[in-house]
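Read through the structure below, which is laid out as structure tokens, and then see the notes.
A note on names: the letters A, B, ... follow the listed sequences, proteins ahead of strands, and every chain is numbered from 1. Note that the structure is a prediction, hence the values are computed from the model and not measured.
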Number of protein chains: 2
Amino acid sequence: MATLTAAQKRTQARIEYDAYLATCPSRQLLSTLGDKWVALVLSALAEGPARYSELRRHIAGVSQKMLTQTLRTLERDGLIDRDVEPTVPVTVRYSLTPTGHSLFAVVSALKSWAEQNMQTVLEARSAYDAAAGS
Amino acid sequence: MATLTAAQKRTQARIEYDAYLATCPSRQLLSTLGDKWVALVLSALAEGPARYSELRRHIAGVSQKMLTQTLRTLERDGLIDRDVEPTVPVTVRYSLTPTGHSLFAVVSALKSWAEQNMQTVLEARSAYDAAAGS
DNA sequence: CTGTATCCGGGCCGATACTG
DNA sequence: CAGTATCGGCCCGGATACAG
């Protein structure tokens, strides 16, 4: 039949909304920044260009896989440059593009907010947890 | 023995780094904002207080579970207020706190960056994919 | 040195059913 | 109306092994 059940309508609405979100610039940016290592890589490269192994050492907790994956994503989005020098063994330098620098500025603003307000947030959290425990 | 293998040292370094990240205000904020629905709930409430069912309708794609979970997290962090009116049936109004409003301002800045630069990013992405396909 | 390929466990999140 | 409880699929991301 042509009519849909309530459940089907809801599912359909969700699919459409997901599609809408997938094209939303803000959401795309947010999900990229939300990635665990993106902000750290941006910060590291904001201090200047660096080689793969330097990044790996500087961001101590990252796994090889995630570092490579993060770098590829950022490169694909035009946020960082990847320069390969044909030495033996090969040398690779990563650096921020202008777009990457401008994104880092935004992230810095976020960082400032966090540093100024996280204390308040943490206190609210403690108060909330204490009330729940009583 | 007292010495550690290279693998053990790396694991240890990762644990310490994770612990460090867990206390980093920026990272905490980023992982919160990265949550799929947080920004959407903030945006919705920035337009004014709303009831649970209103939010559910306004943010069409969200599931009951995730909406509740998101609201709880934001409430816990002191970003939104939850007011219960003892009517029958019960009425619940959510609204942004001052801290919540200030966070929304930051998110708005992020949104502006996304709207201004996502076109460039998308083009870079297309170019990258085209090069890979050749 | 700078990656790629594969396996696999844990957690996120949607669907569903139930409640005051 | 405004939730809570539970199950299950899927994907993220770490560990490991291999390669140019």
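Ion pairing of Arg93(B) with Asp83(B) is absent here, as no side-chain N (NZ or NE/NH1/NH2) approaches a carboxylate O to less than 4.0 Å. Asp129(A) and Arg125(A) are not joined by a salt bridge, as no carboxylate oxygen comes within less than 4.0 angstrom of a charged side-chain nitrogen.
The shortest side-chain heavy-atom distance between Leu33(A) and Leu33(B) does not fall under the 4.5 Å cut-off. Within the 4.5 Å cutoff, the side chain of Leu45(A) has no heavy atoms near those of the Ser95(A) side chain. Contact annotation: the side chain of Ile59(B) approaches that of Trp37(B) to within less than 4.5 Å [non-hydrogen atoms, C-beta and beyond]. For the pair Asp18(B)/Lys36(A), a side-chain contact is recorded, criterion being any heavy-atom separation below 4.5 Å from C-beta on. A 4.5 Å side-chain heavy-atom check between Arg72(B) and Gln69(B) finds every atom pair outside the cut-off. Contact of the Tyr128(A) side chain with the Glu75(B) side chain is registered, since non-hydrogen atoms from C-beta on lie closer than 4.5 Å.
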Query raised in the report: Under the side-chain contact (heavy atoms from CB on, under 4.5 Å) criterion, do Leu79(A) and Leu96(A) qualify, and how do the steps go?
Result: CA-CA 6 Å; Leu79(A) 298 169; Leu96(A) 288 187; 5.8 Å; no
**Report entry** Residue pair Thr68(B), Tyr52(B): steps toward the side chain to side chain donor-acceptor pair (under 3.5 Å) verdict
**Finding:** CA-CA 9 Å; Thr68(B) 300; Tyr52(B) 184 87; 2.9 Å; yes
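Taking five base pairs at each end of the helix from dC1(C)-dG20(D) to dG20(C)-dC1(D), the local helix axes there meet at an angle of 50°, rounded to 10°.
As a whole-Å value, the separation of Asp83(B) CG from dA2(D) C1' is 15 Å. Protein atom CG of Leu55(B) is 12 Å distant from nucleotide atom C1' of dA2(D), rounded to whole Å. Between the CZ atom of Arg56(B) and the C1' atom of dT4(D) there is a distance of 14 Å, rounded to whole Å.
In this structure a side-chain-to-backbone donor-acceptor pair under 3.5 Å is missing from Thr91(B) to Thr87(B).
Here Arg93(A) lies out of heavy-atom contact (under 4.0 Å) with every strand.
At dA2(D), none of the side-chain N or O atoms of Arg82(B) fall inside 4.0 Å of OP1 or OP2 (strictly under the cut-off).
Interface limits on DNA chain C: the 5'-most and 3'-most nucleotides within less than 4.0 Å of chain A heavy atoms are dC1(C) to dA15(C).
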Report summary line: Readout for nucleotides 13-20 of chain D: B = base within 4.0 Å of protein heavy atom, S = sugar-phosphate only, - = neither; 5' to 3' it is BBB-B---
